[in-house]
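Shown next, in structure tokens, is the structure this report addresses.
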Amino acid sequence: DTAVSQTPKYLVTQMGNDKSIKCEQNLGHDTMYWYKQDSKKFLKIMFSYNNKELIINETVPNRFSPKSPDKAHLNLHINSLELGDSAVYFCASSQDLGGPHNEQFFGPGTRLTVL
Amino acid sequence: RKEVEQDPGPFNVPEGATVAFNCTYSNSASQSFFWYRQDCRKEPKLLMSVYSSGNEDGRFTAQLNRASQYISLLIRDSKLSDSATYLCVVSRSMEYGNKLVFGAGTILRVKS
């Protein structure tokens with residue numbers, strides 16, 4: 001009964017390729033997020049969606065395009081992959097956007113390696 | 001300067017020890033504060049929220065000093081299973097909702 005799931009868990013690909021990562025949450029939450037955790041372990045928000053609507057876009061290159069077909073799913077498509085895109089990508093969800101103590105639940109992460 | 005700063009450690013402590021982590025944040029508009037725990041190659045999970053009055057959850061005590069923009073986490077009677085990276089997290093209110101900003105984490109290794 002995984003609350004937030006991501007596929008694939010590992011992704012190894014060549015520079016220049018296009019790849020997608022899928023995320024699903026079964027918590028009934030309204031808000032979903034994508035985070036990137038680089039080799040220095042900083043976890044940085046990339047995007048957030050609330051009820052399928054884009055809310056946060058943190059100056060991420062436009063090679064990254066999130067898509068939310070419904071509020072339980074938030075996928076991340078990456079075009080023309082670069083070496084610097086190698087990182088762990090975490091999907092997360094929260095009940096909604098507001099609330100000062102709104103806990104975020106994270107998926108297991110997708111470890112992307114670009115060769 | 002990073003918005004949330006933590007000593008990266010590692011803190012190497014024996015079982016049963018008491019260990020304290022500190023964190024400072026630079027944005028005085030930060031509203032809410034948390035400690036998340038991240039095990040090696042796993043996702044972050046909420047450990048506890050941090051309230052101005054200080055709060056305790058079993059062996060864990062969190063404190064917040066808004067004037068100094070400082071957050072702490074105290075772990076008493078450390079267990080081997082406490083070994084992990086502890087992430088200090090602040091929440092900022094934006095026009096569209098709240099945004100979490102993560103520190104880089106403090107590594108704790110508890111040894112027998």
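Since we're looking at a predicted model, the values are computed, not measured. By convention in this document, chain letters (A, B, ...) are assigned in the order of the sequence lines, proteins followed by strands, and residues within each chain are numbered from 1.
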message = Please enumerate all residues that pass side chain to side chain contact (heavy atoms under 4.5 Å, CB included) together with Ser68(B), with sequence neighbours excluded.
response = Asn65(B), Tyr70(B)
query = Any ion pair linking Asp77(B) and Lys79(B) (charged N to carboxylate O, less than 4.0 Å)?
reply = yes
task = Could you have a look at Lys41(A), Gln104(A), Lys40(A), Lys44(A) and say which one has the most heavy-atom pairs with chain B under 4.5 angstrom?
result = Gln104(A)
Residue part contacting chain B, namely of Ile45(A), when any heavy atom lies under 4.5 Å = side chain
Pairing residues for Asp39(B) by the salt bridge (Lys or Arg N to Asp or Glu O under 4.0 Å) criterion, not counting sequence neighbours = Arg37(B)
inquiry  = Contact between Lys19(A) and His77(A) at the side-chain level, heavy atoms closer than 4.5 Å - yes or no?
reply    = no
ask   = Could you name the residues of residues 67-76 of chain A that have a heavy atom within less than 4.5 Å of a heavy atom in chain B?
value = none
Pair Gln38(B)-Thr85(B), side-chain donor/acceptor within less than 3.5 Å = no
query = Does the ring centre of Tyr35(A) sit less than 6.0 Å away from the ring centre of Tyr89(A)?
reply = no
request  = Identify which part of Lys45(B) has an atom lying under 4.5 Å from any heavy atom of chain A, answering side chain, backbone, both or neither.
outcome  = neither
inquiry  = Just checking Gln69(B): does its CD atom have more than 12 heavy atoms from other residues, nucleotides or ligands closer to it than 6.0 angstrom?
reply    = yes
key: Members of residues 108-115 of chain A whose heavy atoms come closer than 4.5 Å to chain B   = Pro108(A), Arg111(A)
inquiry  = Are more than 12 heavy atoms, taken from residues, nucleotides or ligands other than Glu56(B), located less than 6.0 Å from that residue's CD atom?
reply    = yes
query = Does Arg59(B) come within less than 4.0 Å of Asp82(B), counting only side-chain N to carboxylate O?
reply = yes
message = Under 3.5 Å, is there a donor on one side chain and an acceptor on the other for Thr61(B) and Arg76(B)?
response = yes
query = Which class fits the ring pair Phe106(A) and Phe90(A): parallel under 30°, tilted 30 to 60°, perpendicular over 60°?
reply = perpendicular
